[in-house]
Undergrad: 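Please find one structure pasted underneath; my questions will follow.
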Amino acid sequence: QVQLVESGGGLVQAGGSLRLSCAASGRTFSSSVMGWFRQAPGKEREFVGNIKWSGGSPYYADSVKGRFTISRDNAKNMVYLQMNSLKPEDTAVYYCAAAASIIYSGGYYNTEPYEYDYWGQGTQVTVFS
């Protein structure tokens, strides 16, 4: 089992920044990919980006590319989501997720919620204009 706890959400004005953190504990060695997703009211859970524990560049959804940055600290079992130039449409509950396996599809990997095995409880991000 892997436990994930997100933190860092809050209320921010459009154009501002927030940094989300995801603390992983338990059998973290069993996870290969860490992902960030978000879900706005009445909408499906949406892929934001992901990163492998083993290295390589993160991958981002087009909607956040150039504004969001994912990083990791393997020693601390932490993953971060730095969100800049926030927009009201970024308002959602943000979830951290861990996948045991790397699942490749169309040149990308682990972009679907069902490809992840463990989820955090989520943290609310609200962007007002």
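If you read the sequence from its start, that first residue is 1, and numbering goes on from there. Fair warning: this is a prediction, and the values are worked out from it, not measured in the lab.
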Undergrad: Has Asn50 got a side-chain atom pairing as donor or acceptor with Tyr109's backbone, closer than 3.5 angstrom?
TA: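 Yes; at least one donor-acceptor contact below 3.5 Å.
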Undergrad: Any link between Val64 and Ile51 through a network of hydrophobic side chains (Ile, Leu, Val, Met, Phe, Trp, Tyr) touching at under 4.5 Å?
TA: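 Yes: a chain of side-chain contacts under 4.5 Å links Val64 to Ile51.
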Undergrad: Would you give the length of the straight line joining atom CD of Glu44 to atom CZ of Arg38, rounded to the nearest 0.5 angstrom?
TA: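 It is 14.0 Å, given to the nearest 0.5 Å.
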Undergrad: Would the number of heavy atoms belonging to other residues, nucleotides or ligands and lying under 6.0 Å from CD of Glu89 be above 12?
TA: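 Result for CD/Glu89: enclosed.
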Undergrad: Going by the angle between their ring planes, with limits at 30° and 60°, are Phe37 and Phe47 parallel, tilted or perpendicular?
TA: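 Perpendicular: the ring planes of Phe37 and Phe47 meet at over 60°.
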Undergrad: Does the Ser32 side chain pair with the main chain of Ala100, one donor and one acceptor, at a distance under 3.5 Å?
TA: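 Present.
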Undergrad: Under a single-linkage definition using a 4.5 Å side-chain heavy-atom cutoff for Ile, Leu, Val, Met, Phe, Trp and Tyr, are Val125 and Leu4 assigned to the same hydrophobic cluster?
TA: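 The answer is yes; both residues are in one hydrophobic cluster.
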Undergrad: Can Ile70 and Phe68 be said to form a side chain to side chain contact (heavy atoms under 4.5 Å, CB included), step by step?
TA: CA-CA 7 Å; Ile70 295 174; Phe68 290 12; over 6 Å; no
Undergrad: Could you tell me whether Lys43 atom NZ has more than 12 heavy atoms of other residues or ligands within 6.0 Å of it?
TA: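 Check fails, neighbour count at 12 or below.
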Undergrad: Would you check, one step at a time, whether the test side chain to side chain contact (heavy atoms under 4.5 Å, CB included) holds for Glu6 with Gln121?
TA: CA-CA 7 Å; Glu6 303 97 335; Gln121 82 288 350; 2.9 Å; yes
Undergrad: Identify the heavy atoms of Val93 and Gly122 that sit nearest to each other, and give their distance.
TA: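 Answer, listing the atom of Val93 first, then Gly122: CG1-CA, 3.8 Å.
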Undergrad: Nearest 0.5 Å, please: how far is CE in Met83 from OG1 in Thr69?
TA: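 These two atoms lie 11.0 Å from each other.
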Undergrad: Treat each ILVMFWY residue as a node, draw an edge where side-chain heavy atoms are under 4.5 Å apart, and state whether Ile103 and Trp119 are in one component.
TA: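 They do not share one cluster, since no chain of ILVMFWY contacts under 4.5 Å joins Ile103 to Trp119.
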Undergrad: Is it possible for you to say whether Tyr114 and Tyr116 belong to one hydrophobic cluster, with membership spreading through side-chain heavy-atom contacts below 4.5 Å?
TA: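 Different clusters.
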Undergrad: Considering all heavy atoms of both residues, which atom of Ser21 and which atom of Met78 are nearest to each other, and what is their separation?
TA: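 So the minimum-distance heavy-atom pair works out to CB-CE, 3.7 Å.
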Undergrad: State yes or no: do Tyr59 and Val79 share one hydrophobic cluster built from I, L, V, M, F, W and Y residues joined by side-chain heavy-atom distances below 4.5 Å, directly or via other members?
TA: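 No; tracing contacts between hydrophobic side chains, which count when under 4.5 Å, never links both residues.
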Undergrad: Looking at every heavy atom in both Val127 and Asp90, which two are closest together, and how far apart are they?
TA: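 Reported closest heavy-atom pair: CG2-CB, 4.3 Å.
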Undergrad: Give the minimum heavy-atom separation between Asn110 and Ala99, together with the two atoms involved.
TA: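 Heavy atoms only, the tightest pair is ND2-CB, 3.4 Å.
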Undergrad: Can you name the nearest heavy-atom pair linking Leu20 to Trp36, along with the distance?
TA: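 Minimum heavy-atom separation between Leu20 and Trp36: CB-CH2, 3.7 Å.
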Undergrad: Please give me the minimum heavy-atom distance between Ser17 and Ser85, naming the atom from each residue.
TA: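 Shortest heavy-atom separation between Ser17 and Ser85 comes out as OG-N, 4.4 Å.
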Undergrad: First locate atom CD of Gln124, then atom CG of Leu11, and finally report the distance between them rounded to the nearest 0.5 Å.
TA: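 If I round to the nearest 0.5 Å, the distance is 9.5 Å.
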Undergrad: Is the number of heavy atoms from other residues, nucleotides or ligands within 6.0 Å of CZ (Phe128) greater than 12?
TA: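 Yes, the 6.0 Å shell around CZ holds more than 12 heavy atoms from other groups.
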Undergrad: Between Arg72 and Trp53 (side chain of the first, backbone of the second, donor and acceptor by atom type, cut-off under 3.5 Å), is there such a pair?
TA: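 Yes, Arg72 side chain to Trp53 backbone: donor-acceptor pair under 3.5 Å.
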Undergrad: Check the pair Ser105, Glu112 against side chain to side chain contact (heavy atoms under 4.5 Å, CB included), reporting the backbone distance first and the verdict last.
TA: CA-CA 10 Å; Ser105 177; Glu112 299 291 343; over 6 Å; no
Undergrad: Working to the nearest 0.5 angstrom, can you tell me the gap between Ser71 OG and Met34 CE?
TA: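 Answer for the OG-CE pair, Ser71 versus Met34, is 11.5 Å.
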